[in-house]
Amino acid sequence: MQVSEFVKLAGGRVLTGEYEDREIACGYTCDLLSHVMGKGQADMAWITVQAHMNVIAVAALLDFACVIIPENLPVDETIIAKAAQEDIIMISCEQTAFELVNVLHEGGVPSAKKG
Amino acid sequence: MTMIKETYPVKAGDMTAAGDVSARIKRQMKQLGIPASVVRRVSVGTYEAEINLVIHSEGGRIDFSISPEKITIRVVDQGPGIPDLKKAMTEGWSTATNEVRNMGFGAGMGLPNMKRNADEFTIESTVGVGTDITMSFNI
Ligand SMILES: Nc1ncnc2c1ncn2[C@@H]1O[C@H](COP(=O)(O)OP(=O)(O)OP(=O)(O)O)[C@@H](O)[C@H]1O
Ligand SMILES: [Mg+2]
């Protein structure tokens with residue numbers, strides 16, 4: 001699944017503006033950063049309610065495909081600017097994390113590998 | 001032969017800058033054409049160490065060196081030291097404050113992540129002196 005497909009299916013808003021489309025290799029949802037560091041793979045879609053600088057740092061470090069914020073949670077302008085600067089696609093969605101996982105799953109995106 | 005040797009200071013408590021050193025080290029590795037799988041492992045180890053310096057230590061430094069065979073990351077801080085290393089290395093054990101837990105830190109997975117991703121991992125700590133970690137990664 002491409003990021004653009006996910007955006008369309010989820011009715012998401014790309015906070016970071018124009019982007020170069022990329023393939024989502026796998027997905028993961030967790031709000032504990034060290035768990036994400038442990039599981040994170042390149043091209044992963046990460047769903048999290050955390051929206052601060054360190055989330056962008058983790059996503060950039062591990063080359064994630066996108067960061068997805070559920071439930072239209074507020075994201076500070078400075079965070080969006082940082083994400084754009086690091087070429088991280090940040091998407092805001094109305095659905096819950098649970099519903100968003102389903103969108104990815106139905107689109108054939110597998111879970112990030114265990115361990 | 002060592003190709004690169006750099007030292008970066010890390011300030012205690014500075015959450016906005018946390019991750020900057022790891023990002024710089026990652027950029028250097030990519031410029032040198034280090035394989036992506038190695039870049040990933042070094043990035044995880046360095047980031048976890050950097051965050052620990054910011055949230056648990058009184059400040060310290062990260063040394064980064066590359067030889068043709070391996071990448072070495074050494075992390076040294078000025079205290080407070082870790083009283084029980086066995087506990088600290090246990091998955092899920094954490095003394096993180098509520099403030100940083102609210103940001104998603106404090107899972108007690110940082111040190112185990114470092115150990116798992118490095119080919120060699122050593123940690124020494126003395127209360128009142130500081131903590132000294134060395135991770136090496138075969139290229
Ligand atoms: N540099 C350090 N100085 C002092 N104490 C440390 C240092 N690094 C780790 N510790 C201690 O070891 C514990 C475990 O560290 P670890 O990185 O595994 O987990 P954490 O930082 O608490 O949570 P996480 O890394 O999952 O966000 C910490 O909670 C802290 O008590
Ligand atoms: Mg930690």
Side-chain angles (χ1 to χ4, degrees), chain A residues 22-26 28-65 67-71 73-88 90 97 112-115, chain B residues 10 13-30 35-56 73 88-94 96 99-118:
Chain A
R22 55 190 285 184
E23 181 72 17
I24 298 174
C26 62
Y28 191 58
T29 177
C30 185
D31 305 312
L32 296 175
L33 272 61
S34 287
H35 276 268
V36 179
M37 280 315 270
K39 293 273 169 31
Q41 295 164 36
D43 305 309
M44 187 174 95
W46 176 20
I47 305 174
T48 178
V49 298
Q50 300 284 359
H52 51 72
M53 285 301 181
N54 306 99
V55 167
I56 307 306
V58 169
L61 219 45
L62 298 182
D63 292 318
F64 289 170
V67 173
I68 303 165
I69 309 288
E71 301 185 49
L73 290 167
V75 183
D76 205 89
E77 282 301 325
T78 56
I79 309 300
I80 296 170
K82 174 79 176 171
Q85 187 196 320
E86 298 283 341
D87 280 329
I88 300 297
M90 219 175 171
K113 282 198 225 64
K114 293 197 182 75
Chain B
V10 178
D14 189 351
M15 288 311 286
T16 6
D20 287 0
V21 171
S22 309
R24 278 174 79 164
I25 290 175
K26 182 194 171 189
R27 263 199 301 279
Q28 273 180 297
M29 289 189 290
K30 281 182 85 173
S37 60
V38 178
V39 171
R40 184 189 167 278
R41 290 192 295 124
V42 175
S43 295
V44 171
T46 313
Y47 183 78
E48 293 288 11
E50 185 178 359
I51 293 292
N52 280 357
L53 287 185
V54 174
I55 68 178
H56 301 300
I73 300 281
M89 290 302 302
T90 307
E91 287 189 9
W93 195 85
S94 174
E99 195 189 348
V100 299
R101 279 179 201 265
N102 288 341
M103 296 176 78
F105 298 105
M109 291 297 292
L111 289 169
N113 274 349
M114 287 181 226
K115 190 173 178 187
R116 193 173 301 131
N117 279 282

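Letters A, B, ... are given to chains in the order of the sequence lines, protein chains preceding strands, and every chain is numbered from 1.
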Which atom of A/Leu61 lies closest to which atom of B/Lys26, heavy atoms considered:
O-NZ, 3.3 Å
Nearest heavy atoms of B/Gly110 and A/Ser34, plus distance in Å:
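What the structure gives for the nearest pair is N-OG, 3.9 Å.
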Would B/Tyr47 and A/Leu33 satisfy side chain to side chain contact (heavy atoms under 4.5 Å, CB included), going step by step from the backbone distance to the final call?
CA-CA 11 Å; B/Tyr47 183 78; A/Leu33 272 61; 4.2 Å; yes
For residues 32-57 of chain A, pull every pair meeting ring pair (Phe, Tyr, Trp, His ring centres under 6.0 Å), keeping only residues two or more places apart or in separate chains.
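For residues 32-57 of chain A, and leaving out neighbouring residues, the ring pair (Phe, Tyr, Trp, His ring centres under 6.0 Å) pairs sorted by first residue read A/Trp46-A/Phe64.
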Going from NZ on A/Lys39 to CE on B/Met109, what distance comes out if it is rounded to the nearest 0.5 angstrom?
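Output value for this atom pair is 7.0 Å.
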Can you tell me if A/Gln85 has over 12 outside heavy atoms packed within less than 6.0 Å of its CD?
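Correct, the count exceeds 12.
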Crowding at CZ, B/Arg24 (>12 non-hydrogen neighbours, <6.0 Å)
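Result for CZ/B/Arg24: open.
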Residue, of B/Gly19, B/Ser43, B/Ala36, that accumulates the most heavy atom pairs under 4.5 Å with chain A:
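Between B/Gly19, B/Ser43, B/Ala36, the count favours B/Ser43.
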Residue selection (most heavy-atom pairs with chain A, distance under 4.5 Å) from B/Arg101, B/Glu48, B/Met15:
B/Glu48
A side-chain contact here means heavy atoms from C-beta on lying under 4.5 Å apart; do B/Met103 and A/Asn54 qualify?
yes
Atom group of B/Asn117 that falls short of 4.5 Å from chain A, counting heavy atoms
neither
